[in-house]
2 protein chains.
Amino acid sequence: MSRERVTVIDIAHAAGVSKSTVSLVLQGSPLVNEGTRARVNAVIRELGYVYNRGAANLRQSHSKSKIIGIVVNDLTNSFFAELAVGVDMVVQSAGYVQFLSNTGESVDRQREVIASMREHGISGLILSPARGTEAADLKTLVASGIPVVNVVRQVAGAKVSSLVSDNRTGMHEAVRHLAGLGHGRIAFLGGFPDTAVFADRLAGYRDAMVAMGLVPQDDLVISSAPSRAGGVAAIERALVLNERPTAAVCLNDAVAFGVCDGLRAHRLEPGSDFAVIGFDDVIEAQTAVPALTTISVDPQGMGRRAAQLLLKQINAGNAEAEAVVSSVRLVVRQSCGAASDKRERLALL
Amino acid sequence: MSRERVTVIDIAHAAGVSKSTVSLVLQGSPLVNEGTRARVNAVIRELGYVYNRGAANLRQSHSKSKIIGIVVNDLTNSFFAELAVGVDMVVQSAGYVQFLSNTGESVDRQREVIASMREHGISGLILSPARGTEAADLKTLVASGIPVVNVVRQVAGAKVSSLVSDNRTGMHEAVRHLAGLGHGRIAFLGGFPDTAVFADRLAGYRDAMVAMGLVPQDDLVISSAPSRAGGVAAIERALVLNERPTAAVCLNDAVAFGVCDGLRAHRLEPGSDFAVIGFDDVIEAQTAVPALTTISVDPQGMGRRAAQLLLKQINAGNAEAEAVVSSVRLVVRQSCGAASDKRERLALL
DNA sequence: TGACAAATTTGGAACGTTCCAATTATTTAG
DNA sequence: CTAAATAATTGGAACGTTCCAAATTTGTCA
């Protein structure tokens, strides 16, 4: 079935030039005569030649493999799917192709896939590290000069670039908005306490509480898995407190959706009976009912930026690690029961 | 920064054996003495050697690159994200790594990414073809002996394996269920008429209509983009018909969600005022409000099966193209206003 | 036209692995 | 103890490209 491969030598032969010339044409070198170039290109098309990057990589530097890796901790979360799409867009148009793997929060799996990607010679890696990833896990990778950009989560002590959203400011905004609507008992729901994201967002929550003259009570901070199911669990616990909160900021949109589910299970309507704000602005946030008020981080844009950052580092040879924080903005929709929506809601009744 | 690479020769030297022996160890050959193997492995770890698959591929057959490609037409659709996760699971544990690309329904982009993947020497490809893909687009790929498995959509005339869900039977089930609930005017909403998926599902709809003694009227078949926005548009058009439908089967879940949105915009509550059934059973289907009655195709399982099929073909050398249709089942939830849910609904009032 | 410069082309040595045939070391059988 | 068989190891060619230094062709100017 598989007829034998057409190589650069076959092309050279058919075009009546040397393999070196063909190679030059392949690389778009300006050194070759226009006529020759045309002839070679014609033969290439005619014989159906396909470039063998493996062979080329053997001779060239590491950083020219035109492969980047992207490994995320949970691809079923649409935030990461979006992120991957963003990355794909920019690497694709830069002529790269991406290895994508999902770790499902397993550091073992993560170690394996990164090792596998290294064997294949990736020029760079975009990583949303699994929970529990340590700087040591990235040690050999960075030592070998492969640029790494961490997204979403940082790894303490790792000398790699990172792109995270402005978690603290974002959560600050969310709390301020709720306080502005008159809420005093605002809960912080969801997330694993040992993650940087949790810490940052919680810090923003606390900042804002004191800034708005409220008391950040520890029992209003309820951690859980950062998932829809986690959200349900968290609101369950919040609703049995002696002094129930009247509003909540959630670690992310998934948790927020779960919180809405949980509220309904208790005959409470999110938006009118209880205000909830998410974080991320995943696609479903705007179409859900009620539409979710959330902090928009534009996952696809974040993917694009991460890819650009990575490509910059790849091309720069050995740029310094760079930490960029991506700004976020509050998107007010219905789930927080904002004034404008209240009017609309009343009009319906 | 990047210190020079450790090669098999360095290992050989340090372990006091020849490079051939090291190579044998790397491949887990039984020909090498246990003592030697242990010594070599120790050195490998010690020097931090990383296997260079590019070099190995140069010498080995095409089919051993341990890379498979997966290209989908819309990664932002969580159906495909799920599918990719399924594929990743099985290829990962088979020691493969996957190139993943998104075409966004562009055949040009698709052509580019497939070409790029070929250059990198993929051993096989899982493809959910962009709209408008023709058999000719896959011609060179299959001619070069690279196994291809089409998923979700087939490409007429292409001699490649395919894995599609049983669209016809699934839609048949959906319609029969609605008819059983007493609905007579059932619309078929969403999808582009020039796709095989549309044709199959529509056929199932028509089958079932006549089987249930109903008349399949053409004005009840309303095509649109197979997206949430398309669903909104489709239901808009359905609601201005002289004789409004009272229920709808939708091309997929995305359309169904859009239909629900559109219904609410007209003060109609999906589930009680109008029955809607989707297709795919994406993750959100069970947590949405109302939970979506839909035809479950288990996207992740489908990804796993596609990957298994592909790996089988890769290992077989040159297996025949195989067309497998994956069975589906109706999952009754709230959006169709099924009896069990009506009771629950009444209890709430 | 000759000399020099510029433009183009080229052979061969790498790159890091696998594979083959051949070699050497170790057992086993007689 | 030797021959044959078996186990283990090995050097070198090959894979398809790029890179370098050198060679060849073409063009320019006096």
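Given the structure is predicted, the values throughout are model-derived calculations rather than measurements. Throughout, a chain's letter reflects where its sequence line sits, starting with A, and its residues are numbered from 1.
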(message) The criterion is ring pair (Phe, Tyr, Trp, His ring centres under 6.0 Å); which residues satisfy it with A:Y96, sequence neighbours excluded?
(response)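 If we apply the ring pair (Phe, Tyr, Trp, His ring centres under 6.0 Å) test to A:Y96, skipping adjacent residues, there are no hits.
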Tell me: [atom1] of [X] to [atom2] of [N], nearest whole Å?
{"X": "B:Y51", "N": "C:dC15", "atom1": "OH", "atom2": "C1'", "result": "15 Å"}
{"X": "A:R53", "N": "D:dC15", "atom1": "CZ", "atom2": "C1'", "result": "18 Å"}
{"X": "A:L31", "N": "C:dT10", "atom1": "CG", "atom2": "P", "result": "13 Å"}
{"X": "B:R37", "N": "D:dA7", "atom1": "CZ", "atom2": "C1'", "result": "13 Å"}
{"X": "B:R39", "N": "D:dT9", "atom1": "CZ", "atom2": "C1'", "result": "11 Å"}
{"X": "B:I9", "N": "C:dT18", "atom1": "CD1", "atom2": "C1'", "result": "12 Å"}
{"X": "A:R5", "N": "D:dC15", "atom1": "CZ", "atom2": "P", "result": "11 Å"}
{"X": "A:N33", "N": "C:dA6", "atom1": "CG", "atom2": "C1'", "result": "13 Å"}

(message) Whether the side chain of B:R59 and the base of C:dT18 hold a donor-acceptor pair under 3.5 Å is what I'd like checked.
(response)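 Such a pair exists between side chain and base.
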(message) Can you tell whether the side chains of A:E119 and B:R53 come within less than 4.0 Å, N to carboxylate O?
(response)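 Looking at B:R53 together with A:E119, the answer is yes, because their closest N to O distance falls below 4.0 Å.
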(message) Just to verify, what does A:K312 make a salt bridge (charged side-chain N to carboxylate O under 4.0 Å, His left out) with, not counting sequence neighbours?
(response)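 Scan of A:K312 (salt bridge (charged side-chain N to carboxylate O under 4.0 Å, His left out), adjacent residues dropped) gives A:E322.
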(request) Please tell me which of the listed nucleotides, D:dT18, C:dT18, C:dT9, lies nearest to the side chain of B:A56? (result)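 Of the candidates, C:dT18 comes closest.
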(message) Heavy atoms within less than 4.0 Å of DNA chain C: which residues of residues 10-26 of chain B have one? Give them sorted by number.
(response)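 Result for residues 10-26 of chain B: B:K19, B:S20, B:S23, sorted by number.
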(request) With rounding to the nearest 0.5 Å, note down the distance linking CG in B:L311 to CD1 in B:I68. (result)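 It is 7.0 Å, given to the nearest 0.5 Å.
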(message) So, does A:Q27 get its side chain near the phosphate of D:dC19, meaning an N or O under 4.0 Å from OP1 or OP2?
(response)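 Checking D:dC19 against A:Q27, a side-chain N or O does come within under 4.0 Å of OP1 or OP2.
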